[in-house]
There are 2 protein chains.
Amino acid sequence: MNMNDGVKTAVRTVNLFEAFSRRKGPMTLTQIAEALSAPISSCHGLVRTLSAKGYLYTSERNRAIYPTKRLLEIATTIAAHDPVLETIVPVLEALRDETDETILLGRRQGETILYLDVIEGGQTLRYSAGAGDIKPMHSSAIGKAFLGRLNDTERAALVARLPLDLRTANTITERAALEADLTEGIGRGYFVTRGENVVDVMGLATTADVYGETMGIAVAGPLVRMEAGEAELAARLLSAKATLEALGSGA
Amino acid sequence: MNMNDGVKTAVRTVNLFEAFSRRKGPMTLTQIAEALSAPISSCHGLVRTLSAKGYLYTSERNRAIYPTKRLLEIATTIAAHDPVLETIVPVLEALRDETDETILLGRRQGETILYLDVIEGGQTLRYSAGAGDIKPMHSSAIGKAFLGRLNDTERAALVARLPLDLRTANTITERAALEADLTEGIGRGYFVTRGENVVDVMGLATTADVYGETMGIAVAGPLVRMEAGEAELAARLLSAKATLEALGSGA
DNA sequence: AACTGGTTTTCATGAATATGAATGATGGTG
DNA sequence: CACCATCATTCATATTCATGAAAACCAGTT
């Protein structure tokens, strides 16, 4: 049976590029096999295929396998034509400039939260994440914002079936406690996590309906700094939400 | 049997991103299936897998499937740490600035030529290609340069087994004619294609040994412009070759 | 030249996936 | 509101691939 990971080769293909991105240099076939936790012979076929497509090449000198710039060209072209982010991102950048903390743009994807974009703050100690990262709903601020947006029936159903995995010592793993936390957030107008996803990180989040899609936006940073500025940060977050909903009421 | 394309899913995975890059916008599952020439049900699994890895997401509004910025982040990180190109590319950029024509950096990969980088000239009518493109050896200038570098035995063997596919009306498809052309190139010190790969495109190429690897470099542009400036272009090409070999004699 | 350690390539077979067909959603239209 | 057209999802099965083992290869070294 499949380890519920999805199509094996597709996962390995992207994992291979991720491995190159982490290693920041060429890899030998054996190293690739190790990085992918896959048999060498399997990786051999994968590398052959991607080489034939022009994504990899092998140095005849030391058998090192390098990625070409093809992936970059394709990714750049794709990103240059993202219509949604084009309009949303400037608002988030403004929010980042106001707060100097990291701004997250996320969506609900099934029972998880997917970061569409991450605009990092300028401080030395900051919340750092990557576009495409996937977080659990119950421990991320954006996740709570999406839960809070549902009607009571839907929310109860979703909370009941979410896997409330422990991420840190502060993660809420009791369904009743999560319900209470969400109720609090609904009253407050925004949702908060305090070290529930990552230790010492606090996040403030809300949702915004833009172009008919519900987006989640959040400000995240170190607990102490965030707690000190919570009132102002929340105000700015809600102001950004209003701006987004204003520009995205059409289409 | 497998259509000699390699691992099916790996090809489809990269083809999917290429399709997004061409379409410059979201695609529905049906459109993806069409773009990949694959059954919808197969694409469904692929999309699910890549969504779970954070590379794609689906708009709940109109079922449009979008790529995230994750691929861009990974590709950017990879490209930022390419040790070979870091030193070679500046030389090629200088060559581009001198000639204002497109400069190609290529390698031999099996019996084909793989473009590692393409630095396009600034003119309105210019040779345009992408990193990762794969060209036949017999019709590309860099391919001829690699053939010309072999000793007589190896060259004869390779020429004998290359598939001399017709690409344009000018493509050399006779082995004897190719041999003669290569001999000419060896005497001349550089290799030429005249509309043999792409109509009305002329290329001048040579190889350079850099860091123990043999690289192919070429200048390419419209036939008329290239023919008019051939002597000077060739001189500059050979000068760039010398520069590359000087910097790459160590390591 | 033969050996040694490490690596890559090949190959037959069991395991996982790709697929067509059927089912289930969804949205627009009369 | 029911119909239709389009699209997405599920499922059983044949197809294809992933895999371990063995062979081949390569670069040093004796």
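Here is the naming used below: chain letters follow the sequence lines, and residue numbers restart at 1 for every chain. Note that the structure is a prediction, hence the values are computed from the model and not measured.
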Subject >> Candidates D:dT19, C:dT19, D:dT9 - which lies nearest the side chain of B:His44 >> reply: D:dT9
Original post:
Once you round it to whole Å, what is the distance between P of C:dA25 and CG of B:Leu29?
Top reply: 17 Å
Subject >> Nucleotide nearest A:Ile40 when distance is taken to its side chain, options C:dT26, C:dT8, D:dT16 >> reply: C:dT8
Subject >> Interatomic distance where NZ belongs to B:Lys8 and C1' belongs to C:dT19 [whole Å] >> reply: 9 Å
Original post:
When the distance from CZ of B:Arg63 to C1' of D:dT9 is rounded to whole Å, what number comes out?
Top reply: 11 Å
**OP:** Can you tell me the distance, in whole Å, between the CG atom of B:Leu36 and the C1' atom of C:dT19?
**Re:** 15 Å
**OP:** Using atom CE of A:Met27 as one end and atom C1' of C:dT8 as the other, report the distance to the nearest whole Å.
**Re:** 16 Å
Subject >> Nearest-angstrom distance from the residue atom CZ of B:Arg12 to P of D:dC17 >> reply: 9 Å
Subject >> Rounded interatomic separation in angstrom, taking CG from B:Leu46 and P from C:dT17 >> reply: 12 Å
Subject >> Contact list for residues 67-80 of chain B, test side-chain hydrogen bond (donor to acceptor under 3.5 Å, both in side chains), sequence neighbours left out >> reply: A:Glu18-B:Arg70, A:Asp117-B:Lys69, A:Asp133-B:Arg70
Original post:
What nucleic acid atoms does B:Ser42 come within less than 4.0 Å of, heavy atoms only: base, sugar-phosphate, or nothing?
Top reply: base
**OP:** Tell me which of A:Cys43 and B:Ser41 sits closer to the 5' end of DNA chain D, going by the nucleotide each one is nearest to.
**Re:** B:Ser41
Original post:
Does the pair A:Ile186 and A:Phe191 meet the rule for a side chain to side chain contact (heavy atoms under 4.5 Å, CB included), with working shown?
Top reply: CA-CA 7 Å; A:Ile186 294 168; A:Phe191 297 80; 3.9 Å; yes
**OP:** Taking only the side-chain heavy atoms of B:Thr28 (C-beta and beyond), determine which of D:dA8, D:dT9, D:dT19 contains the nearest atom.
**Re:** D:dA8
Subject >> A:Asp165 side chain reached by A:Pro136 side chain, heavy atoms, under 4.5 Å >> reply: no
Original post:
Given C:dT17, C:dT10, C:dT8, which nucleotide is nearest the side-chain atoms of A:Val7?
Top reply: C:dT17
**OP:** Taking the side chain as every heavy atom from C-beta outward, state whether B:Met215 and B:Leu92 have any pair of such atoms under 4.5 Å apart.
**Re:** no
Subject >> Proximal nucleotide (of D:dC7, D:dT10, C:dA18) relative to the B:Arg48 side chain >> reply: D:dT10
Original post:
Does the side chain of A:Arg107 reach to within under 4.5 Å of the side chain of A:Thr214, using non-hydrogen atoms?
Top reply: no
